[in-house]
Amino acid sequence: MLRLRRTPLVLTLLSVVSLVTSAFFALPAQAATIRYEAENATIVQGVVESNHTGFSGTGFVNSTNTTGVYTEWTINAPVAGTAQIAIRYANGTTSARTADVSVNGTVVSANRSFGTTANWDTWATSTLTATLNAGDNKIRVTATNAGGNANLDYLEATTADAPATEYQAEAATLNQAMVATNHTGYTGTGFVDYVNTVGGYIEWQVNVADAGTHTLTLRYANGTTVTRPMDISVNGTVVTSASYAGTGTWDTWADGNVTVNLNAGVNTIRATATSANGGPNVDRLSVSGSGGPDGQAPTIPSGVRVTGTSASSISLAWTDSTDNVGVTGYKVYEGSTVVATSPTASATISGLAANSTHTYTVTAFDAAGNESGHSSSVSGTTGSGTGGPTADQLLAKVTTCSQISNGKYKTDSDVSTATVPVCNKTGAVFWKADMDIDCDGIRTTQCNEQTDCCFQPDTFCHTTTDSPLNAAQLPYVVVPSTSSIWNYTTKGIGCGTVVAVIYNGQVEYAVMGDTGPSGIIGEASYKTAADLGINPDPSNGGTDTGVTYIVFTGSGTKVSTIENHSQAVSLGQSLAQQFLNNN
């Protein structure tokens, strides 16, 4: 799809923006209970079964009948402190089974008894308290008897939510207002003084875990005897008008409360002066109840699978997790080691030895640092060592340019000079440019109207089922629309043509998936950037230089299923080797 390039946002003196993270003040904590299924934990000498009834999730863990077997969960605590741990189990034998329960390597309950239940279909809960660290904690149940562990269904952890947040005014977005320190009694590093005019505002980005009614408390000072009214808007809609009466002096502060409905996630709160006197001096904004950092972890990733292998890499994909606020990304573990992180539901683990087998699990995390439990494990084996040319080998073949374009392209709409030619080689064309982020196509958490100012719900190329491409999951390249500068179709390039994208010593095999402005070059999908270690954020990501695009030409250079990345990798490695042989 033809799309416009982004140009820098120019700020006027009346739109002074502070992009500083808001400071916060601790408010009373709440309790949150999160369930972690045993079948998604780390299991040593045990199997996941479903041959008894009454379990939660997709199954339970049946351990080997021996001492030392264990099941280990990774749980996340928003804040350090005491937590209640509930372990659901079944023991259909006639005697108790004992186990050590440890937290982060330290036994907190030795030889804990998991008593008998009526049968293997009857479940009981064993509850204890333990001290957890803020962040990830490892809780392990290790059998201390020859019968092994009881059947384990899940672990539930009840922890304190992170404290609520108070947002300093000086760290918000300001319009016709300024940060000042010439009066006493403020918190943080200053307060905000409105200009004496209608329309000045302070705007905060407030993140809440739960949708519903919340109380906004504005700490303010008004040293005059005249009430200063303001409109309070939520996400662009004025929800109430509030009046801020005189407080005696500018050094005397008071609280003004309004009740509003907020969405789960990020909300835009704006306080706009509606009189010629402007607003009162404002110190901070407090949000009641769930206004603090999110304390709930995302759901556990499911459907983890191997989507491709090479001699030195294994590619994985899985089903997106869900979260009460929003999933930020995923971690791929090999054992207890994080081997990859990804903002999307796929990842490639590189630098592996040929003919080696690796087993992975995946977790999801959110912006507050909450991390889900581990997914079911999946194993993959690298190839024999014929994984295709290296980045250096390919770059060595594109050191000189035989220009075939009738002129050159700009890298962005706001640059003054066109500097990038399209160059010809045997079996390919190439260009060296920047990388802007294309987020068009299927709406995802990463790519939508909120994350991308220029989002369009379509792409020039479609999947085999005639749907737009998914920029967050499929590596694809944007080719300039045909013009007098160059017509890509004259080289047989079209939807599904394989492209080798090279950056910082890495090769990503992508496909042509979209078209862009006719005079600009250097753009690829969110996933292409993420796989190459480039910031994929459509609002501020990409890179200004250092990207080489080699588009393979001729017969046999298109994949049969454009949305199948493993096809692009396999065909790309073969075409890249031919490219080396022929140039």
Report yes if the side chains of [X] and [Y] come closer than 4.5 Å at any heavy-atom pair, otherwise no.
X	Y	value
Trp486	Trp431	yes
Val511	Thr497	no
Pro457	Arg443	yes
Ile85	Trp73	no

Worksheet entry | Phe365 six-ring centre to Lys331 NZ/CZ under 6.0 Å and within 45° of normal |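 Yes, cation above the ring, under 6.0 Å and within 45°.
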Over all heavy atoms of both residues, which pair between [X] and [Y] is shortest? Give the atoms and the distance, please.
X	Y	answer
Arg305	Val378	CA-CG2, 4.1 Å
Asp531	Pro475	OD2-CG, 3.9 Å
Asp544	Asp434	O-CB, 3.3 Å
Thr359	Ser379	OG1-OG, 2.7 Å

Interatomic spacing from [atom1] in [X] to [atom2] in [Y] - rounded to 0.5 Å:
X	Y	atom1	atom2	answer
Lys527	Cys439	NZ	SG	13.0 Å
Thr411	Ile520	OG1	CD1	8.0 Å
Asn149	Thr142	CG	OG1	7.0 Å
Asn137	Asn104	CG	CG	4.5 Å

Item to complete: Enumerate the residue pairs fulfilling ring-ring contact (aromatic ring centres under 6.0 Å, His included) with a member in residues 331-351, sequence neighbours excluded, ordered by first and then second residue.
Response: Tyr333-His374
Worksheet item: Looking only at atom types and distance, does a side-chain atom of Thr561 sit under 3.5 Å from a main-chain N or O of Glu563, one as donor and one as acceptor?
Response: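 Side chain of Thr561 to backbone of Glu563: no pair is present.
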Distance-only side-chain donor-acceptor flag, [X] / [Y], under 3.5 Å:
X	Y	answer
Thr451	Gln446	no
Thr361	Ser377	no
Ser539	Asp537	yes

Practice prompt. Carefully, step by step, assess Trp318 and Tyr330 under the rule ring pair (Phe, Tyr, Trp, His ring centres under 6.0 Å).
Written response: CA-CA 10 Å; Trp318 51 88; Tyr330 301 87; 5.3 Å; yes
Worksheet item: Who pairs with Asp100 by side chain to side chain contact (heavy atoms under 4.5 Å, CB included), at least two apart in sequence or on another chain?
Response: Val107, Ala110, Asn111, Thr144
